[in-house]
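FYI, side chains are in, hydrogens and waters are out, and symmetry mates aren't considered; it's all heavy atoms of this structure.
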Amino acid sequence: MTSRTLRRRAAAGTPGFLKRSQPRWTERVVKVLLVAAALVSVLTTVGIVVALIPPVVEFFGKVDLGEFITGTDWSPLFEPPHFGVLPLVTATLVVTVIALLVAVPLGLGAAVYLSEYAGHRVRGTFKPVLEVLAGIPTVVYGFFALKAITPFLQRFWPGDDPPEVFNALSAGFVMGIMIIPTIASLAEDSMAAVPRSLRDGAYALGSSRMQVSTRVVFPAALSGIVAAVVLGVSRAIGETMIVAIAAGGRPNLTFDPLEGMQTMTAFIAAAGIGDLPTGSTGYQTIFAVGLLLFAITLVMNLISIRLVRRYREVYE
């Protein structure tokens, strides 16, 4: 029977052949709504770029780009003004690294436990409790770092030079606690998606549960784990209230976490609620720092997309 005959019988409605149904108007409406929902994020990103570029172009018409990128003195609101953004960038990196040192081991450890060790009852109880941390307002975390973590560190610090009242260590530590649910939840979902047959095959070869977790499940879920960590990094870089409250508001070019410092987001928050005249150079620094922060997170997301595609495993 030729293909032409098959198509003719299908078009004629011969029994045994399925006809392509006509799309309903409700399906078209749903499709349009889904496309609109997908376009929201794209249009939002474009809107952010369009809003940032004009003030930034005007800002760099007054300030040298080399001074902005390589300068070590950030005092745009004082006379004479200085526009070296390195103190803000280094403070952001220091706090983010401390947060990752706390969140990545604890978050991945919690994900491995929930995925490979915990029973159904324990997982059903422990995971929602862990995710409650994600719903706590960040201002609460900030005051917790300032009023609880910093005094604790100052009291029990082993050396002669304890942390200052405002310091990056307590801010980074509490920020790491804040992003643990993000990393743990997404990583656990990726590990749970690994086929059971891989685990059964490893157990059949005599592997222990630890070996299955670290040598089978973890590599198979690596793309999702990388995405979880990058999302945690992005949230740490963009966090405002914790660093504004606990890390201080003094630009300080240092890698010492015991000292106070000001991150990029903390500066944007402090300058944005001030009384800067619209259109002034000090006002335009908000947009310049915001565009730099946007560029950093964009590069990180592009790198994460490349890593996810490289290590992605597809199972049938």
Side-chain angles (χ1 to χ4, degrees), residues 6 16-18 20 30-31 34 37-38 41 96-136 172-239 297-316:
L6 292 173
F17 293 91
L18 297 177
R20 179 180 297 178
V30 170
K31 183 178 180 180
L34 293 177
S41 60
T96 302
V97 168
I98 296 173
L100 291 180
L101 292 176
V102 174
V104 172
L106 295 179
L108 295 183
V112 171
Y113 172 75
L114 291 174
S115 176
E116 305 302 318
Y117 290 88
H120 293 289
R121 181 176 299 178
V122 176
R123 185 185 299 111
T125 303
F126 185 73
K127 189 173 181 179
V129 172
L130 180 65
E131 292 176 347
V132 167
L133 293 175
I136 299 177
F173 178 80
V174 174
M175 187 183 297
I177 296 176
M178 181 195 68
I179 63 177
I180 284 176
T182 301
I183 297 178
S185 180
L186 295 178
E188 193 274 333
D189 291 339
S190 299
M191 294 179 184
V194 175
R196 183 67 189 178
S197 58
L198 295 181
R199 297 178 173 87
D200 294 339
Y203 286 128
L205 294 175
S207 301
S208 64
R209 183 171 292 186
M210 178 60 69
Q211 290 174 328
V212 172
S213 302
T214 57
R215 300 183 182 181
V216 177
V217 177
F218 195 92
L222 186 59
S223 61
I225 293 172
V226 170
V229 173
V230 172
L231 182 60
V233 173
S234 300
R235 186 174 181 188
I237 291 178
E239 173 55 37
T297 54
L298 178 62
V299 170
M300 289 183 52
N301 289 330
L302 293 177
I303 294 175
S304 68
I305 291 173
R306 184 175 181 85
L307 292 175
V308 168
R309 291 178 177 175
R310 181 177 180 179
Y311 296 105
R312 184 180 181 183
E313 298 287 347
V314 180
Y315 302 100
E316 296 180 356

Could you go through the side chain to side chain contact (heavy atoms under 4.5 Å, CB included) check for Thr96 and Val233 one step at a time?
CA-CA 7 Å; Thr96 302; Val233 173; 4.2 Å; yes
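Closest approach of Tyr203 to Arg209, counting heavy atoms only: OH-CG, 3.7 Å. Across Ser115 and Ala192, no two heavy atoms sit closer than the pair OG-N, 3.9 Å.
With a 4.5 Å cut-off on side-chain heavy atoms, Pro128 and Val132 do not count as touching. Using a 4.5 Å heavy-atom threshold, the side chains of Tyr113 and Val122 count as touching.
Residue pairs satisfying the salt bridge (charged side-chain N to carboxylate O under 4.0 Å, His left out) criterion with at least one member in residues 102-117, sequence neighbours excluded, are listed as follows: Glu116-Arg199.
In this structure, CG in Asn301 is found 6.0 Å from OG1 in Thr297, a value given to the nearest 0.5 Å. Between the CD1 atom of Ile237 and the CZ atom of Arg235 there is a distance of 13.5 Å, given to the nearest 0.5 Å. Atoms CE and CD1, from Met300 and Ile303 in turn, are 7.5 Å apart once rounded to the nearest 0.5 Å.
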Donor-acceptor list for residues 172-191 side chains, cut-off 3.5 Å, not counting sequence neighbours:
{"from": "Ser185", "atom 1": "OG", "to": "Glu131", "atom 2": "OE2", "distance (Å)": "3.0"}
{"from": "Glu188", "atom 1": "OE1", "to": "Lys127", "atom 2": "NZ", "distance (Å)": "2.7"}
{"from": "Asp189", "atom 1": "OD1", "to": "Lys127", "atom 2": "NZ", "distance (Å)": "2.9"}
{"from": "Ser190", "atom 1": "OG", "to": "Leu186", "atom 2": "O", "distance (Å)": "3.1"}

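In this view, Arg196 and Asp200 satisfy the salt bridge (charged side-chain N to carboxylate O under 4.0 Å, His left out) rule, not counting sequence neighbours.
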